[in-house]
Amino acid sequence: MVPPFLEVTDLACRRGGRRVLDHLSFSVGTGELLALTGRNGSGKSTLLRTLALLVPADAGTIRWQGEDVVIDPDRWRSQVAWLGHLDGLKADLTVRENLHSSQPDRARVDAAVAAFDLSALATREVRTLSAGQRRRAALARVAASTAPVWLLDEPLNALDAAAQTLLHAAIARHLATGGVAIAATHADMPSARPLELGA
Amino acid sequence: MVPPFLEVTDLACRRGGRRVLDHLSFSVGTGELLALTGRNGSGKSTLLRTLALLVPADAGTIRWQGEDVVIDPDRWRSQVAWLGHLDGLKADLTVRENLHSSQPDRARVDAAVAAFDLSALATREVRTLSAGQRRRAALARVAASTAPVWLLDEPLNALDAAAQTLLHAAIARHLATGGVAIAATHADMPSARPLELGA
Amino acid sequence: MTGFGALLARDVRLVLRRPGDVAVVLAFFVVATALFPLGIGPETNLLARIAPGVLWCAALFASMLSLDRLFASDYEDGSLDLLLLAPWPLELAALAKCAAHWIVTGLPLALLAPLLGLTFGLDPLALAALTATLLVGTPTLSLIGGLAAALTLGARKSGALLALLALPLCVPTLIFGAGAVEATVSGQGFGVHLAVLAALALMALATTPWAMAAALRQAGE
Amino acid sequence: MTGFGALLARDVRLVLRRPGDVAVVLAFFVVATALFPLGIGPETNLLARIAPGVLWCAALFASMLSLDRLFASDYEDGSLDLLLLAPWPLELAALAKCAAHWIVTGLPLALLAPLLGLTFGLDPLALAALTATLLVGTPTLSLIGGLAAALTLGARKSGALLALLALPLCVPTLIFGAGAVEATVSGQGFGVHLAVLAALALMALATTPWAMAAALRQAGE
Amino acid sequence: MADLHFLANPARFRRFSQRVTGSLAFATVLALAVGLYLALIAAPPDYQQGETVRIMFVHVPSAWLAMAGYGLLAVLSGSLLVWRHPLAALMARGAAPVGATFAAVCLITGALWGRPMWGTYWVWDARLTSMLLLFFLYLGHIALSNAYDHAERGDRAAALLALIGAINLPVIKFSVDWWNTLHQPASVMKLGGPAIHPTILVPLLWMAGALSLLFVILVLLRTETEIDRRRLEAADATA
Ligand code: HEM
Ligand SMILES: Nc1ncnc2c1ncn2[C@@H]1O[C@H](COP(=O)(O)OP(=O)(O)OP(=O)(O)O)[C@@H](O)[C@H]1O
Ligand SMILES: Nc1ncnc2c1ncn2[C@@H]1O[C@H](COP(=O)(O)OP(=O)(O)OP(=O)(O)O)[C@@H](O)[C@H]1O
Ligand SMILES: [Mg+2]
Ligand SMILES: [Mg+2]
């Protein structure tokens with residue numbers, strides 16, 4: 001049997017002494033989008049951060065293609081593209097400079113800029129963008145990466161309807177190339193498999 | 001004729017050399033919620049900031065109860081409760097301390113904390129809250145104020161369904177006491193009068 | 001004025017919530033001062049001569065170090081907007097912030113300075129001059145540092161230039177502060193110096209809050 | 001290594017976008033140094049005697065002043081997460097940040113110092129020693145300060161705390177830096193001092209990136 | 001209760017420490033009594049320094065313990081970072097203020113001694129300055145470990161600092177020594193045996209032993225307090 005791409009077993013995590021995740025198990029296969037849902041504070045962001053090894057898990061394993069990710073964390077990190085609650089853009093750099101600093105390949109950056117309709121804004125400093133324009137730039141950074149695993153924390157935040165369509169298209173393209181995506185969200189994400197936390 | 005509560009005429013505003021708002025006129029009466037809609041970058045946040053006098057208008061007037069607000073800007077500012085894209089909470093203070101620093105009246109703070117289901121989180125430092133919990137705290141700050149004009153920039157951001165209901169209820173209460181609210185949003189806001197920008 | 005009192009109380013409370021923080025500031029003063037003997041050598045009478053410069057330099061350093069972030073965190077977490085919209089004048093809010101910072105940095109430094117001066121071998125009159133001038137002079141440093149902090153918010157190029165101009169504004173204060181201690185060492189009184197320092201402080205008080213408020217409004221745009 | 005170059009270039013570009021911060025640091029250096037002749041009076045040989053200590057202390061303070069924000073802005077705008085997830089080692093990223101900091105503060109300070117030394121009446125050899133030791137010594141200050149900045153991420157009262165942590169660790173560099181200039185003044189060479197400074201820099205280079213990376217990982221939690 | 005699992009190891013330590021503190025306290029009191037008798041009454045006044053020489057019996061052991069304390073801190077920090085030993089963090093929290101106190105005692109007794117001997121409370125001499133720096137390294141450590149909302153964060157940040165500080169401590173000490181010195185050079189701990197008269201050496205060693213016991217017992221007690229405090233916080237958080 002081919003292992004599912006990402007397999008999480010019995011994960012537990014505590015933040016500030018409170019148990020946030022406990023005995024959580026799920027798996028995501030290639031070409032699949034997992035939508036994390038649940039109330040505010042149910043642990044969606046915590047789960048994403050734990051998967052990215054930004055927060056250490058208290059128990060449980062995360063397997064990527066059958067191998068525990070803590071064995072070679074650097075290899076795992078290189079497989080992950082991250083979008084947090086915060087955009088992680090440098091306000092003093094332009095959109096293109098921001099994308100370039102994580103993706104040296106100019107062609108991929110150009111494609112991502114186009115995919116999120118940022119061409120007119122590419123040379124603007126991020127400081128001067130509107131909230132949704134900024135979020136699009138952060139999403140373009142994810143799209144520009146070659147990592148097979150996308151971890152997205154509320155990617156639809158601040159996006160207008162057109163940009164949401166662009167995002168769904170970008171995710172669909174990513175999945176079509178065999179990628180995996182996990183997104184925390186309060187909105188509907190079509191064609192996603194939902195996983196409710198804290199239920 | 002009684003003047004509408006807030007009346008905007010021929011407002012124009014430019015950001016970084018680009019004209020963002022132009023010849024914009026509208027008015028909002030007592031007990032009314034105006035929902036600003038429009039694409040990312042259409043000028044919703046700019047309009048809210050202009051109304052709050054955070055950004056100077058290039059042309060046009062803003063009248064509050066018939067009087068131009070630039071005549072006595074301090075009086076106008078005291079009429080406004082503000083929620084921006086950023087929460088404006090101090091990460092090192094607890095939720096309650098944050099609310100207290102803008103509203104000394106303990107009873108109002110307690111009511112606002114209860115209204116946004118924050119009782120269990122009131123003594124937590126904001127730094128340790130989830131995104132939606134933080135947004136709720138910022139909304140509670142608005143609800144705790146006595147200002148008749150609420151200016152809210154994407155108040156639904158990061159909120160779960162339950163919290164969105166709480167917000168709608170809080171806005172309804174505010175409007176019922178004769179208040180006015182203007183909210184920029186990409187989501188539906190029931191019983192709001194929409195105003196589309198950049199159309 | 002009660003509005004200002006409430007603001008000030010809140011800002012001071014914010015800083016004083018952890019008494020350990022003030023201890024950190026005091027410890028930091030001592031370490032900063034201790035560096036000069038290490039750089040210059042332990043000769044007692046040489047140290048006594050440079051003591052005014054050393055202590056004033058540490059005061060300047062301390063003000064700059066903490067004032068740097070005076071408004072920046074408000075700017076970044078969105079609470080600057082709330083400050084701008086608050087029902088009290090922005091000048092007052094800026095002043096309250098500077099005052100709160102002075103209370104937790106300038107004031108402890110002035111009170112600790114005589115003790116440090118003692119280790120540098122200053123005589124009692126010089127110690128008195130030191131304390132008095134620091135008490136009168138450090139508010140000016142806080143105000144000017146606060147102005148520089150407001151000007152560099154959002155870092156427009158012009159902000160850089162203005163900040164560069166703001167710091168030399170501290171020079172008169174430093175000259176008269178360090179000069180006062182010198183004067184007592186050479187047997188003169190320091191009354192004139194103190195009067196000049198007070199005048200400088202009043203001047204700063206009259207001008208910087210307004211300039212800070214203007215800079216903050218600009219940053220809010 | 002090209003990864004390091006790209007990181008470094010980006011960080012330098014970022015700092016240069018905010019010229020205000022650099023300007024304040026340099027202005028502080030000049031003002032702090034200028035303070036001592038004022039207190040001491042124009043006796044040239046006395047001034048030359050204290051010049052090395054004063055310039056080194058001022059350089060130390062100046063580099064602490066800007067280190068405060070080295071990682072804090074990344075922490076606050078979410079890009080620290082990206083740094084932690086980046087395919088290059090975190091140690092390298094931290095090192096690039098410190099290097100960028102040094103390029104925009106330590107380097108200008110070292111280049112500015114001879115000019116200030118001249119006003120203190122230092123002779124050419126002493127000026128050479130001053131520049132050389134600052135060039136070799138300031139990287140250590142940036143590294144140690146960078147460590148303190150990483151350790152205090154998310155801590156309260158980070159400015160003074162950072163300085164309190166970093167200053168004692170910088171003492172050896174200060175002693176040998178100032179000592180080198182004094183050695184030339186008293187007619188000896190400064191080769192040994194320079195060697196010790198280089199050794200200290202290597203030691204810092206070998207240990208601090210690792211500790212910085214560990215501290216940054218903790219801050220990401 | 002499983003939430004308190006991570007305290008299992010500290011809990012075992014606590015039982016152990018409660019068992020030994022009684023006899024340890026007894027030994028400390030006894031050793032202090034003998035040491036103080038020897039130091040204050042039995043030892044003859046110095047032919048040069050007179051009665052003030054008795055300050056030494058507190059001053060010198062305090063200096064030693066302050067330095068040893070930082071070494072202990074470094075060892076604890078290493079085991080926290082490498083093995084994630086939860087007890088190490090609590091013990092480091094217990095040890096740092098004790099070490100700082102001994103450093104302060106050394107500084108204060110030294111200053112009091114300096115007045116009659118050198119005519120001044122303080123000079124910027126190498127030995128004195130390096131002890132002052134050690135004191136501030138301790139203060140920085142304490143401040144850092146308390147600067148976070150989450151105690152564990154503070155623990156680990158402070159542990160990193162202590163490790164780097166421990167590497168730097170000898171550097172500071174020697175660089176300051178080369179810089180300048182007025183203070184007494186080492187005479188007990190030096191190659192070729194002590195160069196000090198037995199009438200002084202014996203009470204000195206007794207006092208050193210007694211104060212070391214005091215050091216140990218203070219660290220144990222403070223560690224217990226830290227364990228209790230951490231347990232209370234954990235209970236609060238789960239409640
Ligand atoms: C605040 C002032 C002082 C400080 C910070 C200080 C610090 C120290 C330190 C750190 C040591 C331990 C040295 C070692 O074993 O490596 C020490 C030992 C000693 N100190 Fe002081 N000291 C001070 C004042 C004095 C004074 C005024 C005297 C008397 C003249 C004195 C006499 C001694 C002696 C005799 C030793 C033992 C040296 C040995 O045998 O190893 N100290 N002091
Ligand atoms: N650093 C922290 N310290 C203490 N508690 C924390 C910390 N971070 C998160 N928490 C708590 O952990 C729980 C989960 O938080 P998390 O951010 O994962 O929620 P979430 O599902 O992403 O919520 P949201 O929908 O609001 O983004 C919350 O109750 C939160 O208060
Ligand atoms: N400081 C600035 N300098 C230059 N241009 C700016 C600045 N702030 C905003 N803009 C531009 O003004 C336009 C309006 O921005 P605004 O933030 O008002 O949009 P918005 O409607 O709130 O969008 P969103 O839905 O993304 O929040 C955008 O095109 C934006 O790029
Ligand atoms: Mg979340
Ligand atoms: Mg907007």
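Treat the numbers as computed from the prediction; the structure is a model and nothing was measured. Order of the sequence lines fixes the chain letters, A, B, ..., with proteins taken first and strands second; residue numbering starts at 1 for each chain.
Here the side chains of Leu46(C) and Leu46(D) are in contact, with some heavy-atom distance below 4.5 Å. At least one side-chain heavy atom of Arg49(D) sits less than 4.5 Å from a side-chain heavy atom of Glu43(C).
For Ala62(C), no part lies near chain D; criterion is any non-hydrogen pair under 4.5 Å. Proximity to chain D is absent for every atom of Val181(C), based on heavy atoms less than 4.5 angstrom apart.
Scanning both residues, Leu174(D) and Gly39(C), for their nearest heavy atoms gives CD2-N, 4.4 Å. Of all heavy-atom pairs between Leu60(C) and Phe28(D), the closest is CG-CE1, 3.8 Å. Residues Ile40(C) and Glu182(D) approach most closely at O-OE2, 3.7 Å, considering heavy atoms.
One finds the CG atom of Leu38(C) at 11.0 Å from the CG atom of Leu167(D) (value rounded to the nearest 0.5 Å). Here the CG-OG distance, from Leu65(C) to Ser66(D), works out to 10.0 Å after rounding to the nearest 0.5 Å.
No other option in Val31(C), Val30(C), Leu35(C) has as many heavy-atom pairs under 4.5 Å with chain D as Leu35(C). The candidate with the highest count of non-hydrogen atom pairs below 4.5 Å against chain C, out of Ala58(D), Gly179(D), Cys57(D), is Cys57(D).
Between Phe61(D) and Phe61(C), the ring planes are parallel. Angles under 30° get that label, and only those over 60° would be called perpendicular.
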